[in-house]
Amino acid sequence: MNEQEAKEELEKLRTGEKEELLVTKEHFLSFREVLVAQDDFQAFRGRAGHYGKVIYTYEPGWTK
């Protein structure tokens, strides 16, 4: 997953177009760089799964 794809996926979560996003171990570090650069990054919740997979959701009530 490149930076542009990560931004697009985050925007889909933010707008409700997607309810969750699965990020694999191979893409986690590059995805996380994009994630923490978001102004509302604290609203994104990651739930760890098996084999290094993380499922992200967006919960806008968690922002500062």
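Just so you know, these numbers come straight off a predicted model, no measurement behind them. The chain is numbered in sequence order, starting from 1.
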So how far is it from [X] [atom1] to [Y] [atom2], rounded to the nearest 0.5 Å?
{"X": "L21", "Y": "Y56", "atom1": "CG", "atom2": "OH", "value": "8.5 Å"}
{"X": "E9", "Y": "H27", "atom1": "CD", "atom2": "NE2", "value": "11.5 Å"}
{"X": "E8", "Y": "Q4", "atom1": "CD", "atom2": "CD", "value": "4.5 Å"}

Could you pull out the closest heavy-atom pair between A43 and P60, with the gap in Å? CB-CA, 4.0 Å
If every non-hydrogen atom of V34 is compared with every non-hydrogen atom of E3, which pair is closest and at what distance? CG2-CG, 3.7 Å
My understanding is that only residues two or more places apart in sequence, or in another chain, count here; which of them pass side chain to side chain donor-acceptor pair (under 3.5 Å) with K12? none
Only counting residues at least two apart or in another chain, list the ones meeting salt bridge (Lys or Arg N to Asp or Glu O under 4.0 Å) with K53. none
Taking side-chain contact (heavy atoms from CB on, under 4.5 Å) as the definition, give me every residue that meets it alongside [X], ordered by chain and number, with sequence neighbours left out.
{"X": "R14", "result": "E11, Q38, D40, F44, Y58"}
{"X": "E19", "result": "none"}
{"X": "E26", "result": "T24"}

Under the 4.5 Å side-chain heavy-atom rule for ILVMFWY, direct or indirect, which residues accompany I55? L22
Got a donor-acceptor contact below 3.5 angstrom from the E33 side chain to the S30 backbone? no
Are side-chain heavy atoms of F31 and V54 found at a separation under 4.5 Å? no
